[in-house]
Protein chains: 2
Amino acid sequence: MPTTRRSFRPGDRIQVAHSALNWLHIVNLGSCKTATLSADGNEQVVGLHFKGDWIGFDGIATGFCISDAYAMDTGELWSLRYDLLLEAAARQPALMQGVFAVMSHQLTQDRHRTRSRSLMPADARVADFVRSWADSLAERNLRCDEITLRMSRAEIGSYLGLTLETVSRALTRLARCGLIGLDETRRRNITIPSAKALVDFVRQPGGYQQASDTDACRSVA
Amino acid sequence: MPTTRRSFRPGDRIQVAHSALNWLHIVNLGSCKTATLSADGNEQVVGLHFKGDWIGFDGIATGFCISDAYAMDTGELWSLRYDLLLEAAARQPALMQGVFAVMSHQLTQDRHRTRSRSLMPADARVADFVRSWADSLAERNLRCDEITLRMSRAEIGSYLGLTLETVSRALTRLARCGLIGLDETRRRNITIPSAKALVDFVRQPGGYQQASDTDACRSVA
DNA sequence: CGGCTGGTTGAGGCATCTCAAACGCAGTGG
DNA sequence: CCACTGCGTTTGAGATGCCTCAACCAGCCG
């Protein structure tokens, strides 16, 4: 498969919404986000993409890209022409199956995220977000006890369906409980003392009933 | 493509979660839901499927079905063996592209639903749900000004990320405004006097700020 | 220095959740 | 025929978690 490789830097636009879908992209290093603009001009983050993730599937149905994609990080991108991918997949069943599998994986991931949103309170959602970010790195054999979120609080909020203030408060609460460490000055740098503790916190007894602001620590102590 | 056709009745289980993915299904008549069981035993509705929709994509990645699928209605199902579909798709590029397109469509649909959830208040979410149900029928050239939801309030709530009480209240409010008609006794039968009015209500100025309980009518009057 | 962006924190309001009660309808068994 | 039960729905009252609005702080850059 002929693929063009290029490196990208934070803020680079990988894909432009409403343009014709000619390319699919695979993140080979770094991280990207996909976002759409709502009617009132606000951007909503709809997906995060790490090494191995594909970008562009959402445009296949209509032939036009649905979302904008931006680099959040320096990294490298592999791009394939969609028409050539179709040809190649027709010749190589294994490739075709692979694409099916990747699309299916995205579908289930999205769905899982949706589900957590409905039934987890804000703190747990944010905790789960941090956990999933770390997991994404761990799956790819990268360091995951010290991560730096490459998104603003507002972007995280948009991704999780929360306001930026709520995200900020949730992070400080988690930090107060020792579930995460927050760098004093570089507030996007997060340390994770115990991944297990985070997981336990996310699926805390009762699902929806959540420890209150002050109680949040008790469940860990 | 060899397909087996069978008819189903309300409550029939089409697909069993955690079983191996051998079949993909296409709804040819009627409607189905897919649902997962959360840790505490509650079921969450993750998808609705009408004529032409596929069921089973979420299991491709792992080889195991993620969700249970149930018939909500009497109808007809076409089922394909996944391995045979792969073979056929390898021979017929058009089929392969078709499957890509359908999966992509599901992905964008799911995403759109997720987005509405984050930024629409409960009433608008329910209104949009009714609208989308009617649209699903209209797209398929079925009667859509009189629909009967084949779900309980609890199921709708689970699908929309709301409690059943909130769904109930939202429906009565919409009915009070004349945006929908609610049958006196068969409470799942809904009439839609004006589809346009519903759409207008859904994307009401301001996005998140929503007319209050009593004001909800004013925006229509 | 002064604006600007991103983050934190506080106070208050409100939409939604929680808990609870009551109703209609359908099915069942006496 | 009539309790009686169970389920789905409606409605109310109260609690609360998140949003809104606003102020303030820390870096960063011209």
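Sequence lines set the chain letters: A, B, ... in the order given, protein chains first and strands last, and positions in each chain run from 1.
Set against dA26(C), dT9(D), dC18(D), the side chain of Arg186(B) has dA26(C) as its closest nucleotide. The listed nucleotides are dT8(C), dC19(D), dT9(D); the one nearest the side chain of Arg187(A) is dT8(C). Considering only the side chain of Leu182(B), dT10(D) comes nearest among dG6(C), dT10(D), dT8(C). Among dT8(C), dG8(D), dC18(D), the nucleotide with an atom closest to any side-chain atom of Ser152(B) is dG8(D). In this structure, of dG6(C), dT8(C), dT10(D), it is dG6(C) that holds the atom nearest to the side chain of Arg188(A). Among the nucleotides dT9(C), dC17(C), dC18(D), the one closest to the side chain of Ala122(A) is dC18(D). Closest approach to the Thr172(B) side chain among dT9(D), dT8(C), dT10(D) is made by dT10(D) (side chain taken as heavy atoms from C-beta onward). Considering only the side chain of Thr163(B), dC17(C) comes nearest among dC17(C), dT10(D), dC18(D).
Within the 4.0 Å cut-off from OP1 or OP2 of dG7(C), not a single side-chain nitrogen or oxygen of Ser168(A) is found. Residue Thr166(B) places at least one side-chain N or O closer than 4.0 Å to OP1 or OP2 of dC17(C).
Remark: P of dT8(C) and CZ of Arg173(A) are 12 Å apart, rounded to the nearest angstrom. Look at CD on Glu165(B): it is 14 Å from C1' on dA22(C), rounded to the nearest Å. Atom CZ in Arg153(B) sits about 20 Å away from atom C1' in dT18(C), given to the nearest Å. If you take CG of Leu119(B) and P of dT16(C), they are 13 Å apart, rounded to a whole angstrom. The nearest whole Å value for the distance from the CZ atom in Arg150(B) to the P atom in dG8(D) is 16 Å. Here dT16(C) presents its P atom at 12 Å from CG of Leu160(B), a figure rounded to the nearest Å. Taking atom CG of Asp123(B) as the reference point, atom C1' of dC14(C) lies 14 Å away to the nearest angstrom. Whole-Å rounding puts the Leu174(A) CG to dT8(C) C1' distance at 15 Å.
With respect to Arg187(A) and Asp183(A), no salt bridge is recorded, no charged nitrogen being found less than 4.0 Å from a carboxylate O. Using a cutoff of 4.0 Å between basic side-chain nitrogens and carboxylate oxygens, Asp123(B) and Arg125(B) are not scored as salt-bridged. Remark: Lys51(A) does not engage Glu76(A) in a salt bridge, criterion side-chain N to carboxylate O under 4.0 Å. Under a 4.0 Å N-O distance rule, the pair Asp12(A)/Arg6(A) does not qualify as a salt bridge.
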Practice problem: Dump the intermediate steps for salt bridge (Lys or Arg N to Asp or Glu O under 4.0 Å) on Arg131(B) and Asp128(B), then the final yes or no. | Solution: CA-CA 5 Å; Arg131(B) 182 208 55 75; Asp128(B) 193 52; 2.9 Å; yes
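Using a 4.0 Å heavy-atom cutoff across all strands shown, Gly157(B) reaches no nucleic acid atom at all. As judged by a 4.0 angstrom heavy-atom cut-off over every strand, Leu164(B) is placed among the base-contacting residues. No contact: Arg125(A) has no heavy atom under 4.0 Å from any strand.
Taking only distance into account, the side chain of Arg169(A) meets the base of dT20(D) through a donor-acceptor pair shorter than 3.5 Å.
A side-chain donor-acceptor contact under 3.5 Å links His49(A) and Thr34(A).
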